[in-house]
Amino acid sequence: MANRGLQILGFALALLGVIALVVGTILPQWKMSAYVGDNIITAVAMYEGLWMSCAFQSTGQIQCKVYDSILQLNSALQATRALMIISILVTVAGLGVACMGMKCTNCGGDDPVRKSRIAMAGGIIILIGALCSIIACAWYAHDIVRAFHDPFTPVNTKYEFGAAIFIAWAGAFLTVIGGGMLAASCPRGKAAPSYPKSRPSSNKDYV
């Protein structure tokens, strides 16, 4: 019963994690303009995401522009795009596999050991997807930090972390926990029944 509850909790956390990954991938606030030095003009806030860049004006107007060409993007952005998409697809596939192996479902047969192995395989797949998202977020964050501390970067083009990258971090964290819980559904072999040892009968006659 405890193992079943662990599987349900792990599946729920992984599902919330993949939703956060999808939301974080879509949002354009992966990095936002940093107001440092003489760059104190706050009438327009610039945001950049994986798919578009947006300008938020103080009047409430929003103007977004989708990136024209993939070849014009830097390597960090291209790699982050690819890794986030791979992470979402792999995590969704892991959720499907784990769903077949959970004890609360009828898929995957009636053998509890086999179902536990399927759930464990699904958890491992989810962990692989979470690893891809962690690498993507870390790569993109490193690129932001490197450009921020680069003395040759103009002050008005410096960026800092946006809200979307924190959402993606949270999604990766949830998928790691959920995948770990599902991977902990290790199959337990059935213990062999033990029988009392029988003593050999003695044919001796006692007087």
| message | Within the structure provided, determine whether Phe161 and Met32 are in side-chain contact (heavy-atom separation under 4.5 Å). | response | no
| Does the Ser53 side chain pair with the main chain of Glu48, one donor and one acceptor, at a distance under 3.5 Å? | no
| Would Tyr159 and Phe148 count as a close aromatic pair, with their ring centres under 6.0 Å? | no
| query | Side chains of Cys54 and Met52: does their closest heavy-atom pair fall under 4.5 Å? | reply | yes
| said: Please check this pair: side chain of Trp51 against backbone of Thr25, looking for a donor-acceptor N/O pair closer than 3.5 Å. | reply: yes
| task | Any chance you could lay out the side-chain contact (heavy atoms from CB on, under 4.5 Å) test for Leu9 and Met181, step after step, and finish with the verdict? | result | CA-CA 8 Å; Leu9 180 59; Met181 289 182 176; 3.8 Å; yes
| query | Is any side-chain heavy atom of Ile144 less than 4.5 Å from a side-chain heavy atom of Trp30? | reply | no
| message | For the backbone of Met102 and the side chain of Lys115, can you confirm whether one donor and one acceptor N or O come within less than 3.5 Å of each other? | response | yes
| field | For Trp139 against Ala79, the heavy-atom pair lying closest together | value | CZ3-CB, 3.5 Å
| message | Applying side-chain contact (heavy atoms from CB on, under 4.5 Å) to Arg81 and Leu73, what does each step give before you reach the verdict? | response | CA-CA 11 Å; Arg81 269 185 173 186; Leu73 305 177; 3.6 Å; yes
| query | Are any non-hydrogen side-chain atoms of Gln29 and Phe56 less than 4.5 angstrom apart? | reply | yes
| task | Of all the heavy-atom pairs spanning Lys158 and Ala147, show the shortest one and how long it is. | result | NZ-O, 3.9 Å
| note | Distance col, row Asp143:CG vs Thr80:OG1, nearest 0.5 angstrom, shows 7.5 Å
| request: Kindly compute the distance separating CG (Leu13) from CD1 (Ile126), expressed to the nearest 0.5 Å. | output: 10.5 Å
| query | Which atoms form the tightest heavy-atom contact between Ala184 and Leu6, and what is the distance? | reply | CB-CD2, 4.3 Å
| request: State whether the number of non-hydrogen atoms from other residues, nucleotides or ligands found under 6.0 Å of Tyr67 atom OH is greater than 12. | output: yes
| query | Would you say Gln78 and Ile70 make side-chain contact, with heavy atoms under 4.5 Å? | reply | yes
| request: Flag the pair Phe11 / Cys99 as yes when at least one side-chain heavy-atom distance between them is below 4.5 Å, and no otherwise. | output: yes
| note | Heavy-atom closest pair (Leu83 atom, Ala136 atom, distance to 0.1 Å) is CB-CB, 3.6 Å
| Ala130 and Val176: which non-hydrogen atoms are nearest, and at how many Å? | CB-CG2, 3.5 Å
| Interatomic spacing from CD1 in Ile134 to CG in Leu127 - rounded to 0.5 Å | 9.0 Å
| remark: In terms of heavy-atom contacts, Leu95 and Ala14 come closest through CD2-CB, 3.6 Å
| message | If hydrophobic clusters are built from ILVMFWY residues whose side chains come within less than 4.5 Å, do Val92 and Ile135 share one? | response | no
| Tell me, do Leu21 and Ser87 make a side-chain contact under 4.5 Å, heavy atoms counted? | yes
| Between SG of Cys132 and CD1 of Ile88, what distance do you get to the nearest 0.5 Å? | 11.0 Å
| note | Here the gap from Leu131 atom CG to Thr175 atom OG1, rounded to the nearest 0.5 Å, amounts to 10.0 Å
| Heavy-atom side-chain proximity of Met84 to Leu50 below 4.5 angstrom | yes
| note | Taken to the nearest 0.5 Å, the spacing of Thr91 OG1 from Leu174 CG works out to 11.5 Å
